[in-house]
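Each chain gets a letter, A, B and so on, in the order the sequences are listed, and its residues count up from 1. Not measured: the values here are computed from a predicted model.
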Amino acid sequence: MVRYNPRDTEPKWRAAWADAGTFTASNADDGRPKYYILEMFPYPSGRIHMGHVRNYTMGDVVARFKRAQGHSVLHPMGWDAFGMPAENAAMERGVHPKGWTFENIAAMREQLKLLGVSIDWSREFATCEPAYYGQQQRWFLALLKRGLVYRKEAQVNWDPVDHTVLANEQVIDGRGWRSGAVVEKRKLTQWFLRITDYADALIDGLSTLDRWPDKVRLMQENWIGRSTGLRFRFGFEGAPPVGLEDGLEVYTTRPDTLYGASFVAIAPEHPLAEQLAAASPEVAAFVAACRQGGTSEAEIESAEKLGYDTGIRVVHPFDPSWTLPVWIANFVLMDYGTGAIFACPAHDQRDLDFARKYALPVKPVVLPPNAHPATFMIGSEAYTGPGTIFNSDFMDGMGIEAAKAAAVARMEAQQQGQGATVYRLRDWGISRQRYWGTPIPVIHCQACGLVPVPDDQLPVELPEDVTFDRPGNPLLRHPTWRFVSCPSCGGAAERETDTLDTFVDSSWYFARFANPDAPGPIDKAAADRWLPVDQYIGGIEHAVLHLLYARFVTRALKDEGMLSVAEPFAGLFTQGMVTHETYLRRQSERPEYVEPAEVELAAEKGVRVAKLKATGEALDIGDVEKMSKSKKNVVAPEDIFDAYGVDAARLFVMSDSPPERDVQWSTGGVEGAGRFVGRVWNEFDVEPPPAADQDAERSDALRRATHKLIKAVTESIEGFKFNSGIAKLYEFLNILKGFPATDGAVSAARGEALSAFCRLIAPYTPHLAEACWERMGGEGWVVNAPWPVFDPALAADSELVLPVQVNGKRRGEVRAAAGTPEAEVRALALADSGVSVHLAGLTVRKVIVVPDRIINIVAN
RNA sequence: GGGGACGUGGCGGAAUGGUAGACGCAGCGGACUUAAAAUCCGCAGCCGCAAGGUGUGUGGGUUCGAGUCCCACCGUCCCUACCA
């Protein structure tokens, strides 16, 4: 017997598939149904990690499965290649972002190819190539023309050391994630995409995505945060402040509680607050103090409500004799609603906290069921539950919803306000003051204003001669790049030096894959053939931003006529992370981690222990954590490929946990997968069995097992339950031992079993499967072989083992042919010796026979 | 504060309301070997010599039958956040 050697076998088959162009997808309709499978494309950080191995293997399993089932499969790969790490490398090591990026891509491409994934590499592109980002500039200008792109002055996080804007995610506890400097709020003119125009469509579209996880749909819905309420204006007592002649506008979702109003509060950034601050140092000091509060979780949790009574009073909209004080309050946000609220402390916790602190009135207007109006009191907790409105004039006695409608109607009749829908979602700020991104293709002209770069001058390419020796945007200090003549008037003008947020790059790449050489952004015919993506796979960390942006851009491009689909991803699967045990040295003051490669694991008295290989020093086995350099629990894919083969790595990472959950990498686990690979090979690496008469009964038994396996494995892939399917494959190999190759009496059924088995493992261990297929004399390659077809007739059991319960506890079992009449089964069950022991002294009250399943005897 | 997910052996986990613990890891025993590794065969929830009992976070409920469905509680993890 020849031992299986992945080192020889695996490269051979990868080369064979590549030479034959096996995975090249055709844009021509060949009659087969199309299937577009896509994993979120990687950022070219330099090396692939186990998370990539898991992600791309998962997609590959589905791709190979669908292909075998007769689909025309598109499975492309690209690179999300713009972004800060390349510039950081440039600043730290003096390399150029472009060179650094393409070197990383080259290295990672080779690693991904090692993984044996069935990628159509002919469609590969990187977002940092002008051929890609130039097309992005083209549709950006189309959206600009449509009015979906605009500029406005916005507050941004400014890193005073790096001289750049930071995304919210890059601000940690108020400091820049790289420089550690305290982040400043600055007002800058920024570019925005009008995603809020699509807020309703993006919420409503979620209901069509029935193959998305509920969790992700819910997260998006919460992120968009649609709420319905009332927007109305308070009139001022006395002369209105300048600019507020029409009144002070507020937004509320609880107009039913208007008679519980206690005060009005405005955000520290509200124009009225700024106006007052300009006139009064006291107000200015208060506003400044509000700004200092941090935005971290702990700070918000403990942040005290701060308020400043402006002395201004407004008139209650339903009672001209009733006036309310206007406060500046730190808990009111300028960028939600109108930046001003009316407060009803009895029924809102924040309002209540504030009212108690500043001794403002608390008047309940919602009476809980079973509470009495004379005795109902508000203590330190606001009442937000259901109830009946009271203390509220015309709304008295109404339910909450009816009262909301009545209040809105009254306000509309008074022409003082109207029902309004408000979103949490903000327009998408896409300006970055960075070099390594898509240049925004616009020219600023003193005479003409903003001028789009003419189509025949696209792409606007990044200059390569830039320096990173100083902080700030290299494009801004480039000696010549930005100085151009105005395309409109020919006068001196300047290019926009902001580049696009990299999330723009990833919000349409799936459409570009349909035809990456298209002369326009999207080849519509090709996109119509492939889109939507039938199955998208990636990390849950993109549940909101990337997936929301991609949905938005798809809808915008559809409205522009470039695409036909409204939703880019029909199916979404979010996979878990790859984790690993950590190992720590004992008796060190702070955690001192040790890399798995330096650790030797053993068992002492049945308990797992870890030792330092070099010295034998005993180590603690720590928590299981996401693989990270800081925890030193990273395992490099290439080391695993070398040691156990690619197929073993693929198999283990798919077998150990359900795909949506974290998988715990372990040496023992991958060794087990490697053992399985070797055992599979041994099963095929045998002499043909001697000719003999076939044993019909045993052959049928093997065929039953084979077809049950086909059903189980097929369903496990369709339902993303890879771990269960792989367990069935392991189980089957154990069953196969009962039908050895030396037994000529089952040779035909065994041949069928091996043929099916080989095709069923092919998505997981494609190299091994090819080798086995070749060994057994299969026609062509297994990669081109059709998926085995399940035959229910061959899978049907002739004789069943039916458990017999007495009062719900298993007491025996009977054997009966499938479909045996109930009366017969009942008689068999009552006659069973194990059962009769437990029936002694009892009277049988009832016998429940579930056909072909179970018998339960009720007795007392 | 709001939302969500999950609690099953030593571990990862399996189980259309129908034999709980498949499959794997770790463990134990055996074969082969001078020996070890590798490989192969076997055992294995827990208590018990056994018969048997007991068992899916806790307590109730529905059902002939509950890991699965319902209610309450406990615990863990994730997301989100002064969003009016």
Side-chain angles (χ1 to χ4, degrees), chain A residues 1 3 213-216 218-219 221-223 225 227 229-230 250-254 257 265 267 293 295 297 299-301 303-305 329-333 335-344 347-351 353-354 384 422-426 540-541 543-544 579 581 601-603 605-608 624 651-652 655-658 660-673 675-676 678-679 682 721 723-734 737 801-813 845-850 852-859:
Chain A
M1 209 148 54
R3 223 179 127 96
D214 291 342
K215 182 184 180 175
V216 175
L218 193 69
M219 283 167 78
E221 197 177 324
N222 291 340
W223 187 265
S227 74
L230 170 69
V250 302
Y251 171 74
T252 181
T253 56
R254 294 298 300 274
T257 64
T295 51
E297 188 179 327
E299 282 168 309
I300 287 172
E301 198 74 51
E304 201 171 340
K305 301 271 182 294
N330 65 340
F331 70 93
V332 180
L333 304 177
D335 52 5
Y336 183 78
T338 62
I341 61 162
F342 94 83
C344 174
H347 305 293
D348 183 286
Q349 190 61 46
R350 293 156 303 172
D351 297 351
D353 293 345
F354 192 85
T384 56
V422 165
Y423 303 89
R424 210 186 76 109
L425 182 71
R426 315 261 193 278
I540 187 72
E541 66 273 19
V544 176
T579 62
E581 265 179 347
L601 292 167
K605 294 168 193 159
V607 180
R608 291 179 68 236
V624 174
L651 188 65
F652 173 65
S655 71
D656 204 48
S657 291
E660 68 278 10
R661 251 185 258 179
D662 291 350
V663 65
Q664 186 185 332
W665 186 268
S666 72
T667 306
V670 72
E671 281 171 358
R675 266 197 294 276
F676 177 77
R679 284 168 54 210
N682 292 345
K721 294 178 159 202
N723 56 321
S724 293
I726 292 170
K728 297 285 183 196
L729 289 164
Y730 275 61
E731 200 179 0
F732 187 79
L733 198 66
N734 293 336
K737 280 184 204 140
V801 176
L802 305 176
V804 183
Q805 298 179 330
V806 177
N807 293 330
K809 287 188 193 295
R810 185 181 182 280
R811 298 301 183 188
E813 60 185 38
R845 300 290 172 192
K846 202 171 169 186
V847 179
I848 291 150
V849 177
V850 184
D852 297 348
R853 257 257 132 82
I854 199 167
I855 300 108
N856 191 12
I857 300 166
V858 186

**OP:** Calculate the interatomic distance between A:E581 atom CD and B:rC25 atom P; express it in whole Å.
**Re:** 16 Å
Original post:
Checking all strands, does A:G672 fall into the base, sugar-phosphate, or nothing category for heavy-atom contacts under 4.0 angstrom?
Top reply: sugar-phosphate
Original post:
Going by heavy atoms in the side chains, are A:V858 and A:N807 under 4.5 Å from each other?
Top reply: yes
Original post:
Given the P atoms of B:rA35 and B:rG67, what is the spacing between them in whole Å?
Top reply: 50 Å
Subject >> Rounded distance in Å between the P positions of B:rU68 and B:rU63 >> reply: 16 Å
Original post:
Taking atom C1' of B:rU39 as reference, at what distance in whole Å does atom CZ of A:R679 sit?
Top reply: 11 Å
**OP:** In whole angstrom, give the distance that lies between atom CZ of A:F676 and atom P of B:rU39.
**Re:** 15 Å
Original post:
Among B:rC82, B:rA15, B:rC83, which nucleotide sits nearest the side chain of A:K721?
Top reply: B:rA15
**OP:** Apply side-chain hydrogen bond (donor to acceptor under 3.5 Å, both in side chains) to A:R661 and list each qualifying residue two or more places apart in sequence or on a separate chain.
**Re:** none
**OP:** List for me each residue that meets side-chain hydrogen bond (donor to acceptor under 3.5 Å, both in side chains) alongside A:N734, sequence neighbours excluded, and say none if there are none.
**Re:** A:R679, A:K737
Subject >> Integer angstrom distance from the P of B:rG17 to that of B:rC70 >> reply: 12 Å
Original post:
With respect to the phosphate group of B:rG53, does any side-chain polar atom (N or O) of A:K809 fall under 4.0 Å of OP1 or OP2?
Top reply: no
Original post:
Under 4.0 angstrom, heavy atoms only, what part of the nucleic acid is A:R426 near: base, sugar-phosphate, or nothing?
Top reply: base
**OP:** Would you please name every residue forming a salt bridge (Lys or Arg N to Asp or Glu O under 4.0 Å) with A:D662, sequence neighbours left out?
**Re:** none
**OP:** Give A:V332 one of three labels, base, sugar-phosphate or nothing, depending on what nucleic acid heavy atoms sit under 4.0 Å from its own.
**Re:** base
**OP:** Measure from CG on A:D348 to P on B:rG1 and round the result to the nearest Å.
**Re:** 15 Å
Original post:
For A:S666, which contact category applies under a 4.0 Å heavy-atom criterion: base, sugar-phosphate, or nothing?
Top reply: nothing
Subject >> Closest to the A:S657 side chain, choosing from B:rA84, B:rC64, B:rG13 >> reply: B:rG13
**OP:** State the CD1-CZ distance between A:I726 and A:F676, to the nearest 0.5 angstrom.
**Re:** 8.5 Å
**OP:** Identify which nucleotide among B:rA26, B:rG12, B:rC79 has an atom closest to any side-chain atom of A:E671, counting heavy atoms from C-beta outward.
**Re:** B:rA26
Please produce a list of atom pairs where a protein N or O lies less than 3.5 Å from an N or O of nucleotides 36-38 of chain B.
from	atom 1	to	atom 2	distance (Å)
B:rA38	O2'	A:R3	NH1	3.4

**OP:** Please tell me which of A:P658 and A:A267 maps to the more 5' nucleotide of RNA chain B, matching each residue to the nucleotide holding its nearest heavy atom.
**Re:** A:P658
**OP:** Output all residues satisfying side-chain hydrogen bond (donor to acceptor under 3.5 Å, both in side chains) with A:N856, sequence neighbours left out; order by chain, then residue number.
**Re:** none
**OP:** Using whole Å, report how far CD of A:E541 lies from P of B:rU80.
**Re:** 11 Å
Original post:
Under the salt bridge (Lys or Arg N to Asp or Glu O under 4.0 Å) test, which residues partner A:R426, sequence neighbours left out?
Top reply: A:D335
Original post:
Using atom C1' of each nucleotide, how far apart are B:rG45 and B:rU8 to the nearest Å?
Top reply: 10 Å
**OP:** State which residues pass salt bridge (Lys or Arg N to Asp or Glu O under 4.0 Å) with A:D351; sequence neighbours excluded, sorted by chain then number.
**Re:** none
Subject >> Atom C1', compared across B:rU39 and B:rA5: separation rounded to whole Å >> reply: 43 Å
**OP:** Using a 4.0 Å cut-off on protein heavy atoms (strictly under), produce a 5'-to-3' string for nucleotides 18-23 of chain B with B for base contact, S for backbone-only sugar-phosphate contact, and - for none.
**Re:** BB--BS
Subject >> Euclidean distance, atom CG of residue A:D351 to atom P of B:rC83 [Å, nearest integer] >> reply: 10 Å
Original post:
With rounding to whole Å, what would you report as the distance between B:rC41 and B:rC32 at their C1' atoms?
Top reply: 11 Å
Original post:
Distance from A:R424 atom CZ to A:N222 atom CG, nearest 0.5 Å?
Top reply: 8.0 Å
Original post:
Can you find a heavy atom in the side chain of A:Q805 that is under 4.5 Å from one in the side chain of A:I854?
Top reply: yes
**OP:** Using the test side-chain hydrogen bond (donor to acceptor under 3.5 Å, both in side chains), find all partners of A:Y336 that sit at least two apart in sequence or belong to another chain.
**Re:** A:S227
**OP:** Mark yes or no for whether A:D656, through its side chain, and A:N723, through its backbone, hold a donor-acceptor pair below 3.5 Å.
**Re:** no
Subject >> A:F331 and A:I341, any side-chain heavy atoms less than 4.5 Å apart >> reply: yes
Original post:
With the sugar-phosphate defined as primed atoms, P, OP1 and OP2, and the base as all remaining atoms, what B/S/- string results for nucleotides 2-8 of chain B, 5' to 3', for protein heavy atoms under 4.0 Å?
Top reply: -SS----
Original post:
So what does A:G337 hit on the nucleic acid, given a heavy-atom distance under 4.0 Å: a base, only sugar-phosphate, or nothing?
Top reply: nothing
**OP:** Could you give me the stems involving RNA chain B, meaning stretches of three or more consecutive Watson-Crick or G-U wobble pairs whose two defining distances are both below 3.5 Å?
**Re:** B:1-7 with B:74-80, B:10-12 with B:23-25, B:27-31 with B:39-43, B:45-47 with B:52-54, B:57-61 with B:69-73
**OP:** Rounded to the nearest angstrom, tell me the gap between atom CH2 in A:W665 and atom C1' in B:rA26.
**Re:** 17 Å
Original post:
Of all residues at least two apart in sequence or in a different chain, which pass the salt bridge (Lys or Arg N to Asp or Glu O under 4.0 Å) check with A:R810?
Top reply: A:E813
Original post:
So is A:K305 actually on top of A:F354's ring, under 6.0 Å and inside 45° of the axis?
Top reply: no
Subject >> Heavy-atom side-chain proximity of A:R811 to A:V804 below 4.5 angstrom >> reply: no
**OP:** Determine if the base of B:rG9 is syn or anti; take syn to mean the glycosidic torsion is within 90° of 0.
**Re:** syn
Subject >> Rounded distance in Å between the P positions of B:rC25 and B:rA38 >> reply: 12 Å
Subject >> Whole-angstrom distance between B:rG13 and B:rG21, as gauged at atom C1' >> reply: 9 Å
Subject >> Rounded distance (Å) that lies between atom C1' of B:rA14 and atom CG of A:L729 >> reply: 15 Å
